[in-house]
Amino acid sequence: MSERKDWELYEIFVRARGGLDHKHVGSVHAAGAEMALEHARDLYTRRLEGVSIWVVRSADIVASDPTDSDPFFEPARDKIYRHPTFYNIPDEVETL
Amino acid sequence: MYTQGLLTPSPKSPAAVEDAELLARFQARIDREEKIEPKDWMPDQYRQTLVRQISQHAHSEIVGMLPEGNWIGRAPTLLRKSILIAKVQDEGGHGAYLYSAAETLGVSRAELIDQLLSGRAKYSSIFNYPTPTWADIGAIGWLVDGAAIMNQIPLCRCSYGPYARAMVRVCKEESFHQRQGYDIMLQLARGTPAQRQMAQDAFNRWWWPSLMMFGPSDGASQHTALSVRWKIKRFTNDELRQKFVDFTVPQAHFLGLTVPDPLLHLDESTGHYRFGDIDWSEFQAVLAGNGPCNRERLAARRAAHEDGRWVREAALAYADKLTSRTRSVA
Ligand SMILES: [Fe+2]
């Protein structure tokens with residue numbers, strides 16, 4: 001029952017309204033990017049859930065490794081001076 | 001203690017100790033209501049449970065298009081036909097969301113579809129019942145989608161992220177399904193005596209199979225305990241079934257329908273409807289492949305898959321041609 005080859009997997013990103021970011025919503029299989037766009041439209045925007053769609057071949061996505069996430073994000077952990085709450089400003093000083 | 005139950009009996013090997021630690025950390029994340037994402041470490045059994053559950057769920061959506069599709073050409077008005085097409089299209093969409101979620105666990109869609117077509121995979125018993133009258137389409141939307149909602153709402157909080165997110169999407173669409181079904185029943189209930197009789201007849205046939213949709217009783221269900229601990233499941237089969245009965249009986253009374261269960265009554269002390277025993281031998285028979293339409297459903301799926309083969313291959317050939325053309329231009 002096996003096919004010659006399976007349609008490729010694409011990850012789908014939808015912009016819900018103008019002014020918002022594209023957000024990952026799921027995936028579709030398609031033979032080519034054009035078809036992936038059409039499938040994504042039929043699957044993820046049947047009720048006007050989007051005004052723009054991006055499709056990306058799943059194989060092309062490079063992701064950080066969750067087992068490595070502690071050391072990977074470590075450099076940001078001890079730099080609390082990056083947050084405004086680090087600084088004690090006297091109450092008398094306003095609008096700062 | 002339960003981590004021991006999952007380990008192979010080779011105590012204290014370094015791998016086992018590491019596994020125990022990973023398992024403890026995994027359970028702690030679940031207990032903190034964190035979501036598990038595709039690349040996170042997870043026990044094999046968690047992965048297998050999810051692949052089984054999500055793919056069965058996907059297959060159910062896909063096979064579920066068949067009993068309703070049976071009426072697309074015969075819907076009584078153009079509006080009803082448009083609504084039914086949209087509803088059936090949603091079910092196909094639900095199947096696609098779910099296959100997509102299952103694929104994040106490392107199985108391919110082709111493999112899952114092959115499991116369905118070869119008869120190795122299970123799908124919901126409910127779709128093996130026939131739809132001889134238009135009232136069946138009303139009863140399916142109202143009862144079958146109603147029971148599905150009851151099952152799926154808690155799954156929106158399932159510990160596995162991609163499944164939970166797919167369920168949020170599905171649940172948003174499901175309410176339309178249930179309401180259009182109830183709307184069909186309402187129209188029949190307000191119609192001629194023959195139409196009211198048609199509604200009652202469909203209700204009689206779908207009531208018990210709908211209650212079976214929640215699966216075996218808690219005592220008999222093999223999967224409940226672990227799934228509850230892993231927060232794949234939030235309520236037991238019996239809890240969800242009771243909730244469904246409590247919601248649905250007043251809706252049936254509003255339609256002027258009689259619930260086909262002489263033992264059904266409201267228990268004043270608890271506020272719950274008590275109902276008679278479910279015929280589990282029927283459920284087992286349908287699951288085992290001997291329901292009224294099992295063979296017909298699978299045959300229809302196989303035929304659709306085969307009939308679509310040339311389309312899939314032509315699309316691939318076209319895509320290959322485009323790629324080689326852009327390559328030769330470059
Ligand atoms: Fe539905």
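Every heavy atom of this structure was used, including side-chain atoms; hydrogens, water molecules and symmetry mates were not. The sequence lines fix the lettering, A, B, ..., with proteins before strands; numbering per chain opens at 1.
Heavy atoms of A:A30 lying under 4.5 Å from chain B are absent altogether. Contacts of B:E103 with chain A are made by side-chain atoms alone, with heavy-atom separations under 4.5 Å and no backbone atom involved. For A:E8, no part lies near chain B; criterion is any non-hydrogen pair under 4.5 Å.
Most heavy-atom pairs under 4.5 Å with chain A, from the set B:R169, B:K172, B:E111: that is B:R169.
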Please tabulate, for side-chain N and O atoms in residues 92-101 of chain B, each donor-acceptor pair with protein atoms closer than 3.5 Å (sequence neighbours left out).
residue	atom	partner	partner atom	Å
B:H94	NE2	B:E173	OE1	2.8
B:Y97	OH	A:L43	O	3.2
B:Y97	OH	B:E173	OE2	3.1
B:Y99	OH	B:H59	ND1	2.8
B:S100	OG	A:S27	N	3.3
B:S100	OG	A:S27	OG	2.7

Distance-only donor-acceptor pairs under 3.5 Å for side chains of residues 72-94 of chain A, two or more places apart:
residue	atom	partner	partner atom	Å
A:K79	NZ	A:P75	O	2.4
A:Y87	OH	A:Y81	O	2.8

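Ionic pairing of B:R32 and B:E34 is present here: one or more N-O contacts between side-chain nitrogen and carboxylate oxygen are shorter than 4.0 angstrom. Under 4.0 Å is where a charged nitrogen must lie from a carboxylate oxygen, and between B:D183 and B:R80 at least one such pair does.
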